[in-house]
**Q** 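Structure below; questions to follow.
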Amino acid sequence: MYCSINAGGLRGLESYAARVEVDVSSGLPCFDMVGLLASEVKEARERIRVALRNAGVKMPAEKITVNISPAGIHKAGTAFDLPVALGVTAAQGLIAPDRLEGILVAGELGLDASVRPIRGVLPMVLAGLRAGLLEFLLPLGNLREGMLARGAVVMGVRSLEEAICYLCCDGQGRRAMRQQAAERLRTEEGALDTGSAPAQPHDFGAIRGMQEAKRAALAAAAGFHNLFYIGPPGAGKTMLAKCIPSILPPMSTEERQEVSAIYSVAGRLPGGELIRQRPFISPHHTVTGHALAGGGAVPMPGMVTLAHRGVLFLDEMAEFKRPTLDILRQPMEDGTIFLAKSGGHFVYPADFMLVAASNPCPCGYYPDRGRCRCTSWEIHRYLSRISGPLLDRIDLCCTVQPVSFAGLLDTAGQAGEDDGQWDSAAMQARVLMARERQAHRYAGTGIHVNGRLQAGDILKYCSLGLREQEFMQEAVRRLGGSARAVHRLLRVARTFADLDGQDRISCRHLGQALHYRRGEDLSQISPQI
Amino acid sequence: MKKMAPESKEMLDSFWLCNIRGIGAVSVRRLVQEAGSAERVKELPRRTLEGILGPKRADILEQAMGEKRRRAALERYYKYRSDGIFFLPLWHEDYPARLKNVPDPPAALYGKGKLLPAGAKTVAVIGARDCSAYGSWAARRFAAGLAGAGVAIVSGMARGVDGIAGWAALEAGGVSAAVLGCGVDVCYPPENRPLYERLSKEGCLLSEYPPQTQPSAGLFPARNRIISGLSDLVLVTEARERSGTLITVDMALEQGREVFAVPGRITDTCSKGCNRLIADGAGIAVSPKQILQELGLADAAEKNAQDSQPCSDASLSLREHILRALDWDPRGLDEILQALRSHFREGPLPADQVMEELARLCMEGKIGCISGRYYLLDGEF
């Protein structure tokens, strides 16, 4: 007897609709699976055989043939275990064929007939919805994730028996089982909640002083500019960077779903909850190119993709291998990463804010010559390991100096002296205000933030008055700068104007942008200093 | 001492004599002394040559007298001249007089640019390559102050203090010379290329090594004796405890030059060498004016002095407050704001206004910026 059942496969970040066909007919007893299967899918045979027996379903002593179509696409992952097992059950006539229609099944099986969670449920459900399927039978561990997709009717099962039972039921029975499953999830969650509170994000309020660095973070977050912190060891660069996600605008529903889908594929959605906080990805400086960009024949999302819509933090940027860093150039330009692999071509989203931190020289103390014994050549060499094109894409550059001991203890000096409060909540409010101005200005243009303004748009949106033009001309003449550097200055000045609530860029905003420019002493040594 | 035209027979013979491999400066000096001029060295009898050089090197000299070797030397001489490189043998009247009187003067100098004016006082400004902000400020201040008063500044065009001093002297419209440890057509260190180009036009590059000699560690200590030899006074702006600069100081003392050092705090590792020099009896350099007086240029000192009138706190603009909050030590924005806070007691402190003013001051060349920190470029403290 023949039967077929809907399943879903993953290819990169995308899910495709697959169909599991099972035929049980007379012949020499055997269990064959075809359809361009990876070894973990082929191995499913043994899992299914034992799981079915332990679930109390007899394997027929007949010839069982399983085909997973479309047969031309390479199948990987363990999501096919459950649909195949259910197909074998149905092909024996234990489940009526019409009960299998309109439902997508996915899950991994254990030998004890338990159903275990899988990767990539969210994109699978979303793809199923697009294909017109409404009902989804998933592992209980993925139930919450499946429910994130709006409009999906989702059931989570713990065992194969439960799955068979569910499929045998009619509409009413299924509804009751779904309610039961949701109930179970809620009680389990209650137990979880008491155990671990959600991690508290870092707060700028915990950092004393450092107004210069906080102001840079504020501007970077407001315009989604890339940011570079330079300073001696122990100055607090890493701490500052970790606080940045806390002042970025909260994620919209679309963004949360988009990022959650990526994390689901990467198997990093353990609780099955939507990602609420913007990602903060901090790869170690020994990271390989594959880990950063995404590696494998069908690549797993790399660090740049995991940092999508969030912060990619490169601590000790100068210690990264240069070819590894240069991988970042294309995603920083396009907001996506293009991967050409043996499994095909993949375009993954990678629209992140780069925050880099580095020491100014190998020992870390330049320009404090009392402590730094690096030669000028060594200092020059240290930061020039970072390629120019990459530095060109970093709009803001800020030096971080350690706060003195007195400053650390100074509790009174925090409030009232400077303009505005400098804790995360107040900073986020200012960021939101600036973002609103940007959204208004760029409505309908496809641009969202100042940090992504291209050369052509800059002239349009960052026009200067006569006085400002003179100021700028003098600055470029005196301090030197390429066209790219001028564009960087204008983009940043635009953000400072937005933070100020101004439509026109004034000298004050240009002055601030100049302060946070990348000092030329980073790229060359001039005899004047 | 006679006037020698660049194309005269005597010049050509001098060039030939100074470029024979195996015959050093001391031998050349004795040969010319014996013969009366470079031209007549060829006429010296074999016995005299052997008396001066010994039999082996007398052979070398006689071989070099061959027509082919002399023609090769001639060609090189004209090539250098067409490249703008001049040649000064010890017995040339333009050869710096001060250098003639040192114990071991170079037999000849190669040079590029304009010769130092004969009558002018000369000061060597030297110091550490990896200098601190204080050291570079001091180098800039003394070099500019002295050069502005007509004193020629000699340095080694090295990284750090030397290069800064040379640059500052030219910026102040003064005269500057650099003595290289390589050929005058080689720019070392390469990052000082802009200074090298300026010196070869507005100042002077000198070397005892023939053109195209590549820099090597062994050549630099010997070059230091020329730096001190060219100068009336040697000024050390910054040196660590064991610094190459101290070699120059030793040479200067040997040559009877006056040595001055810019004092630093006793805790600064970068100033340890200078403080040690002062403890050992070197002069204390307090201001360019004092050095000018030391050189007997009191008039110039008077002319050059400009007294800044301190004015009261209340009338100062933000810009003046900022300038007061800065000195030679680079300060970050947070430190500047901290310093300004004590003056702006009422109302919030406009950090954005401060940043704008800092940018303007940078553009006007009043302050400098290094690694996002600001320091004063000139001024009396």
Side-chain angles (χ1 to χ4, degrees), chain A residues 209-213 215 230-231 360 366-380 397-401 403-404 407 413 416-420 471 474-475 477-479 496 499-500 506-522 524-529, chain B residues 128-136 140 157 159-160 163-164 166-168 171 189 191-195 198 238 240 267-271 330-338 341 344 348-360 362-365 368-375 377:
Chain A
M210 297 222 163
Q211 236 202 80
E212 182 183 6
R215 204 176 276 272
I230 299 177
Y366 181 79
D368 181 357
R369 279 304 198 175
R371 296 174 83 178
C372 170
R373 290 297 308 266
C374 306
T375 63
S376 51
W377 175 242
E378 280 171 332
I379 296 161
H380 170 69
C397 179
C398 175
T399 46
V400 183
Q401 282 168 282
V403 177
S404 62
E417 289 191 325
D418 24 51
D419 43 345
F471 183 86
E474 181 63 19
R477 192 185 68 78
R478 183 79 200 183
L479 309 171
F496 276 114
L499 279 169
D500 230 3
S506 72
C507 290
R508 187 152 305 173
H509 308 130
L510 289 172
Q512 292 179 70
L514 277 167
H515 175 78
Y516 289 117
R517 80 187 185 281
R518 179 156 54 86
E520 291 309 316
D521 54 293
L522 291 185
Q524 63 184 40
I525 304 159
S526 72
Q528 290 102 352
I529 51 154
Chain B
R129 284 193 301 265
D130 306 324
C131 56
S132 72
Y134 173 67
S136 69
R140 204 179 309 113
M157 210 185 84
R159 296 186 182 104
I164 292 164
W167 188 269
E171 285 279 291
E191 63 260 35
N192 274 349
R193 169 67 65 178
L195 176 59
R198 268 191 85 170
E238 199 171 50
R240 288 197 167 85
T267 50
D268 282 352
T269 53
C270 294
S271 285
R331 296 236 162 113
L333 182 69
D334 286 339
E335 282 175 278
I336 297 170
L337 290 174
Q338 191 77 42
R341 240 169 235 152
F344 278 77
L349 186 81
D352 49 352
Q353 216 172 315
V354 174
M355 279 191 256
E356 182 190 348
E357 207 54 67
L358 285 169
R360 282 189 195 278
C362 265
M363 282 184 230
E364 288 164 24
C369 177
I370 176 173
S371 292
R373 304 183 204 185
Y374 298 91
Y375 60 93
L377 271 177

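Here is how names work: the chains are called A, B, and so on, in the same order as the sequence lines, proteins then strands, and each is numbered from 1.
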**Q** For B:Y134, is it the side chain, the backbone, both or neither that has a heavy atom under 4.5 Å from a heavy atom of chain A?
**A** neither
**Q** Closer than 4.0 angstrom, basic N to acidic O: yes or no for B:E171 and B:R198?
**A**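 Yes, this pair counts.
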**Q** Below 4.5 Å, heavy atoms only, C-beta onward: do B:C270 and B:D130 meet side chain to side chain?
**A**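 Not touching, per the 4.5 Å side-chain cut-off.
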**Q** So, the side chain of A:R517 versus the backbone of A:L514: is there a donor-acceptor pair under 3.5 Å, distance only?
**A** yes
**Q** Heavy-atom cut-off 4.5 Å, strictly under: side chain, backbone, both or neither for B:D268 against chain A?
**A** neither
**Q** Taking side chain as everything from C-beta outward and backbone as N, CA, C, O, which of these in A:Q401 sits under 4.5 Å from a heavy atom of chain B? Side chain, backbone, both or neither.
**A**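 Interface part for A:Q401: side chain.
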**Q** Quick one: what part of B:R240 sits under 4.5 Å from any heavy atom of chain A, side chain, backbone, both or neither?
**A**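 The side chain, not the backbone.
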**Q** Is B:E357 in contact with chain A via its backbone, its side chain, both, or neither, using a 4.5 Å heavy-atom distance?
**A** neither
**Q** Hey, are A:E212 and A:H515 close enough side-chain-wise for a donor-acceptor pair under 3.5 Å?
**A**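 A pair is found: one side chain offers a donor N or O, the other an acceptor, under 3.5 Å apart.
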**Q** Answer yes or no: is there an ion pair linking B:R360 with B:E364, defined by an N-O contact shorter than 4.0 Å?
**A**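 Here B:R360 does not pair with B:E364 in a salt bridge, since their nearest N and O are not under 4.0 Å apart.
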**Q** Is it the backbone or the side chain of A:C372 that comes under 4.5 Å from a heavy atom of chain B, or both, or neither?
**A** backbone
**Q** So which part of A:F496 gets closer than 4.5 Å to some heavy atom of chain B, the side chain, the backbone, both or neither?
**A** neither
**Q** In terms of heavy-atom pairs under 4.5 Å with chain A, which of B:L358, B:T269, B:D334, B:T267 leads?
**A** B:D334
**Q** With the side chain counted from C-beta on, respond yes when B:R129 and A:T375 share a heavy-atom pair under 4.5 Å apart, and no when they do not.
**A** no
